[in-house]
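Residue numbers count from 1 along this sequence. When a ligand or atom number is given, it counts from 1 through the structure's own listing order. What you see is a predicted model, and the numbers here were worked out from it, not measured in a lab.
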Amino acid sequence: MTTARKSIHGSWSSRLAFVLAATGSAVGLGNIWKFPYISGEHGGGAFVFVYLLCIGIIGVPIMMAEVMLGRRGRQSPINTMRALAQEAGADPRWSWLGWSGVTAGFLILSYYSVIAGWALAYMFRAMAGTFTGATAEGIASIFEQLTGDPERLLAWHTVFMVLTMMVVARGVRSGLEQAVRYLVPALFVLLIMLDGYAMASGAFHQGLEFLFTPDFSKIDANGVLIAMGHAFFTLSLGMGAIMVYGSYMPERVSIARTSIIIALLDTLVALLAGMAIFPIVFANGLEPGAGPGLIFQTLPIAFGHMDGGLVFGTLFFLLVAFAAWTSAISLIEPAVAWLVENKGMTRVHASMYAGIATWGLGLLTIFSFNRWADFHPLPFIPIFKDATLFKLLDYLTANIMLPLGGLFIAVFSVWVMKRDDSLQELDMGDGAAYRLWYAVVRYVTPVAVAIVFLNVTGLVDFSGLLGLAE
Ligand code: PHE
């Protein structure tokens, strides 16, 4: 049985266009800002090891599943899930999986945009020569000045949201393909350059050792969950972003091959960023666990001291903002597609409403770095003792909502959807590759996600077994 659904939102012009857009979604703040600082907070090597393992055994198979569902459903994730559930003779309430994705996208974008605003602000500081010759303390105080000032944060957050909603309003196809085509290679070049600087910093070896020598006594159950959550976050999985992009994907494109390419590119960007940052951290006696400000407190030191640092610094933060932009677009696209499909709105109106709501929610994050920096809403839960609203938002979305979303995507794809349908949609023949995917998504992925969750809640304790920290 062939389904000939067509997306009312149009489709990508080619296979390359889909790869570019999905890579644009995956590569973002997650790689350059978040990966280094959470690796630093959770002890380095062991964390990176778990993260890489999760990319391989959870990320790639779920990405294939999510793209496949999107391409078969050809609608916003909410309507796709309903249609596919009906097709499989299952409960149409599977559409709530789309709803939880839309919610996660809103929540993530609300803080994502604030951090992207930091990159914009830093682009101008780099251009103005603020970092030239500055010491590590000087750089740290620049960061504190920025994050301590809610008005400035609000201004940059506003600029970033407006830029994002402008693209979303025009439709994700026009412009996006071109932007990503140049952005990702340029980002690679700059990161490699920064790695070159890090190599000469005198602490390159120490940086690599920190990142790549696993010491499992440095990571606890919560760290494992954060590593797994980050695998979802960095690949844009579990909330419908990749599903909605898949719904614009032309037929006859290998979902398996594209998913692997995207995961490899994404991982490479993260590792290059980590390899640039940690040597600078150690060479300057900084703290690897410095938190969300890590890249903003380290990379400017490099730019302040290298030849051409003014130009490269400006370009680097411009590219980071760009990378964030192409990810932000995919965070809100599921909501906008649904508003267009179900509420009969134009894309312009849908983008405006969705954008304004997200912008307002962003205030929670902005205040988390200044006025409400001491507000810890959940002091009675040990792991959240010192968590601000921003931290809780990030935890809730990246470590709970995305993995749960991914778990249900896996369950749906192989337990609910008919095997013939996934076989047809993945279009890779009924050989070893398909069977491996099927078995992994059916057993390995759900069990792995469940174990990590149970371990954190303390219901089951594998920590001793794996030699993790208590
Ligand atoms: N993958 C993006 C990043 O690494 C963030 C993102 C998460 C985008 C979820 C879409 C969906 O920055």
**Message:** Using a 3.5 Å distance criterion without hydrogens, assess whether the side chain of T365 forms a donor-acceptor pair with backbone atoms of F390.
**Reply:** no

**Prompt:** At a non-hydrogen distance cut-off of under 4.0 Å, which region of K34 contacts ligand 1 (side chain, backbone, both, or neither)?
**Reply:** neither

**Asked** If you take all heavy atoms of M63 and I262, which pair is closest and at what distance?
**Response** CE-CG2, 3.9 Å

**Residue pair A328 / Y112: nearest heavy atoms and the distance that separates them** = N-CE2, 4.3 Å

**Asked** Could a heavy atom of W33 be found less than 4.0 Å from some atom of ligand 1?
**Response** no

Close-contact set for ligand 1 against [X] heavy atoms, below 4.0 Å:
X	value
A26	1 (N), 2 (C), 3 (C), 4 (O)
S25	1 (N), 2 (C), 8 (C), 10 (C)
L29	12 (O)
M239	11 (C)

**Message:** Regarding K34 and E41, does a basic nitrogen lie under 4.0 Å from an acidic carboxylate oxygen?
**Reply:** no

Report the nearest protein non-hydrogen atom to [atom]: residue, atom name, distance rounded to 0.1 Å.
atom	result
atom 11 (C) of ligand 1	L331 CD2, 3.3 Å
atom 8 (C) of ligand 1	S236 OG, 3.3 Å
atom 7 (C) of ligand 1	F233 O, 3.3 Å
atom 12 (O) of ligand 1	Y112 OH, 2.5 Å

**Prompt:** So do S368 and Y111 actually touch side chain to side chain, heavy atoms under 4.5 Å?
**Reply:** no

Aromatic plane relationship, [Y] with [X] - under 30° parallel, 30 to 60° tilted, over 60° perpendicular:
X	Y	result
F367	W372	tilted
H230	Y51	tilted
F131	Y122	tilted

**Distance-only N or O hit between ligand 1 and L402, under 3.5 Å** = no

